[in-house]
Colleague: 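I'd like to ask some things about the structure below.
Hydrogens, waters and symmetry mates play no part in the numbers below; they use all other heavy atoms, side chains included.
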Amino acid sequence: MENKETKQKVRIHPKAFEPATFILILITSIIGAVIGIQLIATLGVTPNTSIIGALIAMIIARFPIHVLQRYKSVHRQNLIQTSISSATFGAANSLFIPVAIPFVMGKTNLILPALLGAALALFIDTFMLNRLFDSNVFPAKETWAPGVATAESIFAGQEGGKKAGLLGLGGVLGILGSMFSFPMSAFGVAFIGNEFALAMFGIGLLLAQYQMPLFHMNLTAQYIPHGLMIGAGIVALIQAATLVFGKRKKNVTVVEEDSEFTRSRSSVRKSLILGYGMYLVTALLIAIITGLMTKMSFGMFVLFVIYASVAAIIHEIIVGIAAMYSGWFPSFAVALITLLVGIMMGFPALALTVMISFTAATGPAFADMGYDLKTGYILRGNGKDKAYELEGRKQQYIAGLIAFTMAIIIVGISYHFLFASNLVPPVSKVYVSTIKAGASATIAKEMALWAIPGAIIQLIGGPNKQLGVMLATGLLVATTNAGWAVLLGILIRVVAKRIWGAKAEPIMTNLASGFIAGDALYSFGSSMIKSIK
């Protein structure tokens, strides 16, 4: 009798390969990939399509057809939003941008190797995130703001009531604010994120916005933000390594230390070693295929393979940290930094083209899947049922893999036609112009000089606040008025908590989710209209 009751209590998570769910995953993956490629090629942007995927599933569930009623499940809706979001960012940022780099460089013979390298990097990238999510390095309880917004949108569509009203109000305000060019996502993130990390992010945004009146110079042109990120990034990596490989605190057992997370420290350690090994093998494979072995000395070739694999894993971790705390991921800027360092190391143009096509593929999908897994984490009860959480995360990962596969197929089919029409992501052109321009000793000196304060600020904040990385992220993202939005949001949050205490948290979370969702919907709609025009 006890066994029967125990079995009844076991929760079964919907599977990605259920026929009806699998078909919708395929359809939304194709839609997401096409949207991502179209917008990155015409406008240079990639919208967050998670909300779109959730809305599609919600609408389908309203049809009075029995087989479609299963989409009323928030967990199936979560699988659908995961697929469209993964396909959008995977196709645009992790595949099409890298593939366009050799085309702009005039090395069309490298396009297919670049696609292969980017595809492998994409799969490794998301494999790493799946293994690192909800660990002491990337805790599920941290902000991952777009993921919170998607989860609350799904809950609101399911439950209605006060939650739906607050989210709807936030959504309307999000759309209206975005119409008047006020960054509502930044405003919303401030309601739910780490106040210290976001305050530093906001300061970075304001310094970037007012750099000319304050400093009478262009900070980016002087590579100051890049230097700060290098210093902060190095310290952040050391801090992460300490969390994973360092000694445990006294009087704390392995079980006690790992009980807070679904991924143990030993599992994270193995994942990082395995992930780097896969990057190393992939970098070696791409280097051999592209003929770099015959273009460089043996020593330079070995150095290149080691550097490319290190740059790939550094890129994903730094981008992931920024995405986790701020909701933004400075993928382009961090990839540009690794490119500049590669130039200073003396790699030839061909090697740099291969390297940046490979390393730029990591990071965006890592961050985006972090948002998707955060959505699932909330929908599944914030990790209270560990077995159910891990199974749900596994199904999301499978949905993501299906989406990435479709993205690879779509990019492989379409890049010929897009390049023939001279539709190339602006970011790819910047990478190529940087390779052709090279780097001077002055740039190296500037970045090395500003790496020092970046490292100091990161040390002061520690791994739980990421002050240095967030300051550099704000300087590199440089979105107009976003700094004011972040700081205003933090102020309102502090005042609300002081007046209403814990009661303010759910209200602010729902409003913030509405702001972010409304901003995402407006950005998506306006981008599509501009692209069509």
Side-chain angles (χ1 to χ4, degrees), residues 16-17 25 28-29 32-33 36 46 48-50 53 78-98 115-135 137-138 140 144 146-147 150 262-263 267-268 270-279 281-283 309 312-324 329 331 334-335 358-377 389-411:
F17 282 118
I25 285 174
T28 51
S29 296
T46 312
N48 187 340
T49 53
S50 297
N78 183 38
L79 293 178
I80 303 309
Q81 73 83 16
T82 299
S83 65
I84 192 170
S85 175
S86 298
T88 301
F89 281 95
N93 296 72
S94 296
L95 295 171
F96 193 55
I97 287 176
L115 179 58
L116 173 63
L120 291 173
L122 171 60
F123 283 122
I124 299 170
D125 195 35
T126 47
F127 166 81
M128 293 283 286
L129 187 276
N130 183 51
R131 298 285 293 264
L132 296 177
F133 185 80
D134 198 30
S135 67
V137 181
F138 291 100
W144 303 102
T150 304
T262 51
R263 299 295 188 192
S267 172
V268 171
K270 293 175 185 176
S271 298
L272 287 170
I273 294 171
L274 177 60
Y276 175 71
M278 289 191 291
Y279 278 131
V281 171
T282 303
S309 53
I313 201 165
I314 287 176
H315 187 228
E316 75 175 12
I317 290 176
I318 298 301
V319 169
I321 288 172
M324 178 171 66
F329 48 91
S331 179
V334 178
F358 169 60
T359 58
T362 67
F366 186 94
D368 178 65
M369 183 159 276
Y371 300 149
D372 294 335
L373 294 186
K374 174 69 172 185
T375 297
Y377 181 80
E389 166 60 23
L390 289 172
E391 177 59 24
R393 201 182 302 168
K394 175 184 174 182
Q395 295 305 318
Q396 279 190 266
Y397 179 55
I398 293 171
L401 293 180
I402 296 168
F404 296 141
T405 301
M406 297 309 299
I408 293 168
I409 294 171
I410 297 297
V411 171

Colleague: Nearest 0.5 Å, please: how far is CD1 in Ile84 from OG1 in Thr49?
Modeller: 4.5 Å
Colleague: Mind checking whether Met369 and Leu373 have side chains closer than 4.5 Å, heavy atoms only?
Modeller: yes
Colleague: Within the 4.5 Å heavy-atom criterion, are Val268 and Leu272 side-chain neighbours or not?
Modeller: yes
Colleague: In the structure I gave you, are the side-chain heavy atoms of Ser86 and Asp372 within less than 4.5 Å of one another anywhere?
Modeller: yes
Colleague: Check for a donor-acceptor pair, side chain of Thr359 on one end and backbone N or O of Ala312 on the other, with a separation under 3.5 Å.
Modeller: no
Colleague: Using the benzene-type ring in the case of Trp, are the ring centres of Tyr397 and Phe133 under 6.0 Å apart?
Modeller: no
Colleague: Do Met406 and Thr28 have side chains that approach each other closer than 4.5 Å (heavy atoms only, starting at C-beta)?
Modeller: no
Colleague: Go through Glu316 and Thr126 one step at a time and tell me if the side-chain contact (heavy atoms from CB on, under 4.5 Å) criterion holds.
Modeller: CA-CA 10 Å; Glu316 75 175 12; Thr126 47; over 6 Å; no
Colleague: Are Phe329 and Phe89, when compared by the centres of their aromatic rings, separated by less than 6.0 Å?
Modeller: yes
Colleague: Please round to the nearest 0.5 Å and tell me the distance separating atom CG of Leu129 and atom OG of Ser271.
Modeller: 11.0 Å
Colleague: Please work out which of the three classes, parallel, tilted or perpendicular, describes the rings of Tyr279 and Phe358, given edges at 30° and 60°.
Modeller: perpendicular
Colleague: State whether a side-chain donor-acceptor pair under 3.5 Å links Gln396 with Thr82.
Modeller: yes
Colleague: Nearest 0.5 Å please: distance from the CD1 atom of Ile97 over to the OG1 atom of Thr46.
Modeller: 6.0 Å
Colleague: With sequence neighbours excluded, give me every salt bridge (charged side-chain N to carboxylate O under 4.0 Å, His left out) pair touching residues 116-134.
Modeller: Asp134-Arg393
Colleague: May I ask you to test the Ser83-Ile402 pair for a side-chain heavy-atom distance under 4.5 Å?
Modeller: no
Colleague: Which heavy-atom pair separates Ile398 from Ala16 by the least distance, and what is that distance?
Modeller: CG2-CB, 3.8 Å
Colleague: What I'd like to find out is whether the side chain of Leu274 reaches to under 4.5 Å of the side chain of Met128, using heavy atoms alone.
Modeller: no
Colleague: Enter the distance from Ile321:CD1 to Phe366:CZ here, rounded to the nearest 0.5 Å.
Modeller: 8.5 Å
Colleague: Any chance you could measure Phe127, atom CZ, to Leu132, atom CG, to the nearest 0.5 Å?
Modeller: 9.0 Å
Colleague: Are side-chain heavy atoms of Thr362 and Ile313 found at a separation under 4.5 Å?
Modeller: no
Colleague: Hey, what do you get for CD1 (Ile410) to OG (Ser29), rounding to the nearest 0.5 Å?
Modeller: 9.5 Å
Colleague: Side-chain contact, heavy-atom cut-off 4.5 Å: Glu389 with Tyr377?
Modeller: yes
Colleague: Take Arg263 and Leu390 through the side-chain contact (heavy atoms from CB on, under 4.5 Å) test and state the conclusion after the steps.
Modeller: CA-CA 10 Å; Arg263 299 295 188 192; Leu390 289 172; 4.2 Å; yes
